[in-house]
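Just below is one structure, and these are the notes that go with it.
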Amino acid sequence: MTPEQLAAACKPLVLELGEAFARCPSTLRRARLLGISGWAFYITGRAGALGDVRAETVAAALGFIAPEAVTDGWDAAARTVPPLEVAAANLAECCRWGTARLGDSAESSRLAALLGRAVDAADGSGMPLFAAWRAMPVPDPSPGARAAVGMLLLREHFAGAYLLAVRAAGLTPLEAVLAGPEGEAGAAACGWAPPYPPVGPLVRRRLWAEAVTDRLASAAFRALDAAEGAELRGLLAAARQRARSG
């Protein structure tokens, strides 16, 4: 399996696991403790690693969420708590989820080690969110927490690579969302208001962007040999099973 093929195989697992903690009720309770809405916590929890920047910068980094929706969440949180504090709370929730769902087994430790090598080898050029998150100190050194953070970081790496690929394909972020599996429902969930452009001519470009995403993300997986790549894929699948059953 080539690094590009390994990236493609791991991508759906990483995308699901890297944000699973964000849907946990305990994570949503953290937002209430900070005195902000769940939406403000989501936006600022993801982008707060960038520091105290303007909402326009956040919208550009996130890409696929409508700028107006980004501004609503970012500015609402900023009136109550500094962005880096929200990002730190988000990271702490990721660690808590990883400890609770993945545990401190040898399997989790190995998953954390493989993910860590991939994250360290990833190229952060043009991916400010990924680079900012990679620079954040991890507050919990336990295997489950480190594995969860590794999946969060790789998810942001894939998201950043996809945004670059979408723009290279000549698509706007909205067009890419519309051409994806969730279509108009996905666009609405990301805060984009209708009317929407027709989807038909966009699908081929989106598929090309998916392939380019795998190419851009492949540098991270070149850090692993063939056996380690297969092992990582298996460990991610097992982690998804544990997360879903939990």
Side-chain angles (χ1 to χ4, degrees), residues 1-24 46 62-64 91 94-95 97-98 101-103 105-127 129-134 136 138 143-166 168-169 176-177 180-182 186 206-246:
M1 185 178 288
T2 67
E4 290 91 342
Q5 290 170 331
L6 180 59
C10 291
K11 182 166 59 179
L13 296 165
V14 169
L15 293 179
E16 178 178 337
L17 288 165
E19 69 166 6
F21 78 95
R23 299 189 297 272
C24 178
R46 273 192 72 191
L62 291 174
F64 298 103
L91 188 59
C94 178
C95 290
W97 179 90
R101 295 295 178 90
L102 305 178
S105 65
E107 191 176 62
S108 293
S109 182
R110 180 60 174 163
L111 175 59
L114 292 174
L115 287 168
R117 285 169 55 192
V119 166
D120 288 344
D123 184 356
S125 301
M127 303 180 191
L129 267 183
F130 167 70
W133 274 109
R134 186 163 59 177
M136 290 275 289
V138 179
R146 288 188 295 112
V149 172
M151 292 184 291
L152 166 64
L153 289 171
L154 272 190
R155 183 185 182 279
E156 289 296 352
H157 184 59
F158 273 118
Y162 186 50
L163 182 57
L164 288 173
V166 161
V177 173
E182 296 182 3
R206 188 190 68 82
L207 293 175
W208 182 87
E210 290 279 3
V212 173
T213 299
D214 299 336
R215 172 63 181 170
L216 292 174
S218 67
F221 296 92
R222 290 194 184 98
L224 309 177
D225 62 29
E228 291 169 331
E231 183 183 9
L232 174 61
R233 184 181 178 187
L235 288 170
L236 286 170
R240 181 172 66 178
Q241 183 63 33
R242 290 200 300 277
R244 287 179 173 180
S245 64

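When reading the values below, keep in mind they use all heavy atoms of this one structure, side chains included, and skip hydrogens, waters and symmetry mates. Predicted model, so just to flag it, every value in this text is computed and none were measured.
- Heavy-atom contacts from other residues, nucleotides or ligands closer than 6.0 Å to CD of Glu182 number 12 or fewer.
- Ion pairing between Arg134 and Glu156 fails under the 4.0 Å rule for side-chain N and carboxylate O.
- In this structure a side-chain-to-backbone donor-acceptor pair under 3.5 Å is missing from Ser108 to Pro143.
- Distance CG/Leu236 to NZ/Lys11: 14.0 Å, rounded to 0.5 Å.
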Side chain to side chain contact (heavy atoms under 4.5 Å, CB included) between Leu164 and Met127, worked out: CA-CA 8 Å; Leu164 288 173; Met127 303 180 191; 4.1 Å; yes
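- The backbone N or O of Arg46 lies less than 3.5 Å from a partner atom in the side chain of Trp133, making a donor-acceptor pair.
- Here the CD atom belonging to Glu210 is positioned 7.0 Å from the CG atom belonging to Asp214, to the nearest 0.5 angstrom.
- Atom-to-atom distance recorded for Leu153:CG and Arg146:CZ is 12.5 Å, nearest 0.5 angstrom.
- Ala7 approaches Phe158 most closely through the heavy-atom pair O-CZ, 3.5 Å.
- If you take CZ on Arg101 and CZ on Arg244, they are separated by 12.5 Å, rounding to the nearest 0.5 Å.
- The line from CG of Leu6 to CZ of Arg222 is 11.0 Å long, rounded to the nearest 0.5 Å.
- Between Phe221 and Gln5, every side-chain heavy-atom pair lies at or beyond the 4.5 Å cut-off.
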Trace of the side chain to side chain contact (heavy atoms under 4.5 Å, CB included) decision for Met136 with Leu152: CA-CA 12 Å; Met136 290 275 289; Leu152 166 64; over 6 Å; no
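- Judged by distance alone, the side chain of Ser218 and the main-chain N or O of Arg215 form a donor-acceptor pair under 3.5 Å.
- When all heavy atoms are compared, the tightest approach of Gly98 to Ala148 is CA-CB, 3.6 Å.
- Note that the CZ atom of Phe64 and the CG atom of Leu163 stand 4.5 Å from one another [nearest 0.5 Å].
- Using a distance-only test at 3.5 Å, with no hydrogens or angles considered, a donor-acceptor pair links the side chain of Arg117 to the main chain of Ala223.
- Of all heavy-atom pairs between Leu216 and Ala165, the closest is CD1-N, 4.4 Å.
- Residues Val149 and Cys95 approach most closely at CG2-SG, 3.7 Å, considering heavy atoms.
- Residues Ala220 and Leu154 come closest through the heavy atom pair CB-CD2, 4.4 Å.
- Across all non-hydrogen atoms, the minimal contact from Glu19 to Arg23 is OE2-NH1, 3.2 Å.
- Taking the six-membered ring for Trp and thresholds of 30 and 60 degrees, Phe130 and His157 have ring planes inclined between 30 and 60 degrees apart.
- In this structure the side chain of Leu114 reaches within 4.5 angstrom of the side chain of Arg110, judged on heavy atoms.
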